Amino acid sequence: MDTRTLVYDMITKRVLLLAGIVLLGVFYFFVMSKVFQPDVSEHYRAYYIDKRFKYRNAGIIMLVRPGTSIDFTRKVPQLSPIGWSSPDTNGTRLTKSFASIFLQRDTTSNPPTNIIIESRSSIIPNTSQIEVTVLMNNQRAGTLLYGSHIPDKLQVLPVPPKALGNNRKRLLMTFSTRNSLRSAIISIKSITFTAPGSPGEVFIEQVKRKGL
Amino acid sequence: MSIIFPVAAFLMSRVLLMLYAQQTSANLPLSEALYHADVFWYHSLAENGYDSEPKAQMFIYAANWAFFPLYPMAVRFLANVSDMQIPITGIVLSNTAFAFTLVLLYRYTLQLTDKPTAQIITALMAISPFSLYYSLMYTEGLYTVLMIAIMLSAKNNRWITAGILGALLSATRVLGVMIVFPLLAIAVNQHGFKQLLKVRTGTEPALFAIMIVPLGLFAYMLFLYDFTGDALAFMHIQWAWARELHNPLVYLFGGFINDRGWINYNALLALSGITGGIYLWRKQLEPEALILLIGTFIPLSTGLASLQRYVGTLFPFMILIGLLIRNRPLLTGATFLLFAFLFLFYVWSWTHGHWYMI
């Protein structure tokens, strides 16, 4: 084989291999573009991709409307995977400084205006008060305060108007605290959504009267 | 003849495995005695293909997308050709791959070290307790033979072969694509980093090989996108097994302070993988060190479950042990005795379906 043929072969091989590298790069880029555009159901996205739920069940989405009450002494599939304990008779305990619950609003009824949070706390004496901030769709609903051993406590927070503005369907509630939870046990027992005229609203009046 | 020793090691260890598995499982057929844990998934995958959606199976709500396609496809193909049952075909394929693994490992270690050490490493691999997994309907057999073949090809400058085998490896297991890093280390050793970066003449085959490795993974991702709508379904479905990425060192530390023995054991093997990787690196075996370090750290970042399988079946782990015990006859004898005992214990545990073996 003469020198010219050798050089020609070398150049051909180089061009072919480099063209192959470019083609592979284009293919990988094309597949990567699909990674960012998943074409999946909302259930799939919420559970497998966003990992919004602690438990998997067939009917993931819970529709809430005024009067809806969520019992935290049982498994609540809509809880975030991180931040919650397993449920017991005291409710579901906050285990991290951040926990959430992912719900959907029933847009065929009026939006809820208040939420009643029933919780139980036990805090080591002489430690600072625990403040748990509640956000609804990133809008501040209020702060839950825990200062001592309280078997059961009812706290009422308003639903921020912006949280469910424009007939918004998704409802992500988050509980966060800057205090250490090492010296405190805070368990949520139930959350009830209310609106004027709903059974829960009457309950709020009773709560206010009793000063709980 | 460099084939006699590894083939003899293969035959002796596998006959021991098969006889003991049958004896300890009350003479069940081998395909049943060895049918536990993830064998179910590979069997269903080879028989029925991929699930169209997650469903309740094997105590969890999941789909079989986490299991890569090459091994079940090969089993399905061979079962169709040979007319054998799928679980038997899986065992035959895995064991054939393991026989080739030992032959290639012997050749590979002969290039790294002297003949007695190469024989120690090959024999260790054959009788290692973790070698049980090479004989099951699991991907370990195919994965390891491909990995050694890739390393051998690259080190002997057969880059295109290495690249094509690498693409097959990345279609075998999720970690397969990580072979690009050891390949890169070999390419840097052969050509130098600057030469590679400037794509100098002569570096193209190595670069092409490294570039073609992810093809298996990306082809599977494209299939998943078309089939499920999620190109990363193989990763997202891991949530069904409660596997999630965290700091591997936190898992490692937690493993040592745990009061369950099998978790301590897994943590110990993970630590061995990390320290062993550092040792190999210091011995200037960078590609082997990378296989061990990557193969330890990535599974460790999802928890300690199955760590003994993930680390113990990495071939550099056996190279590491071989290098540590060579020229020390007493230690070598003790290691072989310990391995033989653990090997039988692993076979017994597997045939009795102990879940710590998954």
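Numbered from 1 within each chain, the chains take letters A, B, ... in sequence-line order. Keep in mind the model is a prediction, meaning the values are calculated, not measured.
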Legend entry - A:Ile21 versus B:Met211, closest heavy-atom pair with distance: O-CE, 3.7 Å
Legend entry - Enclosure of A:Phe98 CZ (heavy-atom neighbours >12, cutoff 6.0 Å): yes
Legend entry - B:Phe256, CZ: over 12 other non-hydrogen atoms inside 6.0 angstrom: yes
Inset, instruction - Please state whether the side chain, the backbone, both or neither of B:Thr228 comes within less than 4.5 Å of a heavy atom of chain A. - result: backbone
Legend entry - Set of ring-ring contact (aromatic ring centres under 6.0 Å, His included) partners for B:Phe234, sequence neighbours left out: B:Phe68
Inset, instruction - Answer with side chain, backbone, both or neither: which region of A:Phe36 has an atom nearer than 4.5 Å to a non-hydrogen atom of chain B? - result: neither
Inset, instruction - Answer with side chain, backbone, both or neither: which region of B:Leu215 has an atom nearer than 4.5 Å to a non-hydrogen atom of chain A? - result: both
Legend entry - Interatomic distance, A:Lys34 atom NZ to B:Asp226 atom CG [nearest 0.5 angstrom]: 9.5 Å
Inset, instruction - Looking only at non-hydrogen atoms, find the nearest pair between A:Leu24 and B:Ile212 and report the distance. - result: CD1-CA, 3.7 Å
Legend entry - Minimum heavy-atom distance between B:Glu204 and A:Arg14, given as atom pair plus value: OE2-NH1, 2.6 Å
Legend entry - Residue list, side chain to side chain donor-acceptor pair (under 3.5 Å) with B:Asn264, at least two apart or on another chain: none
Inset, instruction - Say whether, by atom type as modelled, one donor and one acceptor occur between the side chain of B:Tyr225 and the main chain of A:Asp39 under 3.5 angstrom. - result: no
Inset, instruction - Using non-hydrogen atoms and a 4.5 Å limit, figure out which bit of A:Leu18 sits close to chain B: side chain, backbone, both or neither. - result: side chain
Legend entry - Taking every non-hydrogen atom, the tightest pair across B:Leu232 and A:Val35: CD1-CG1, 3.5 Å
Inset, instruction - State, yes or no, whether a side-chain contact exists between A:Phe30 and B:Leu222 at a heavy-atom distance under 4.5 Å. - result: yes
Inset, instruction - Step through the shown structure and confirm whether more than 12 heavy atoms of other residues, nucleotides or ligands are within 6.0 Å of CZ on B:Phe227. - result: yes
Inset, instruction - Identify which of B:Gly229, B:Ala219, B:Pro205 forms the greatest number of heavy-atom pairs closer than 4.5 Å to chain A. - result: B:Gly229
Legend entry - Heavy-atom neighbours of B:Phe181 CZ exceed 12 at 6.0 Å: no
Legend entry - Sub-4.5 Å side-chain heavy-atom contact between B:Leu207 and A:Leu17: no
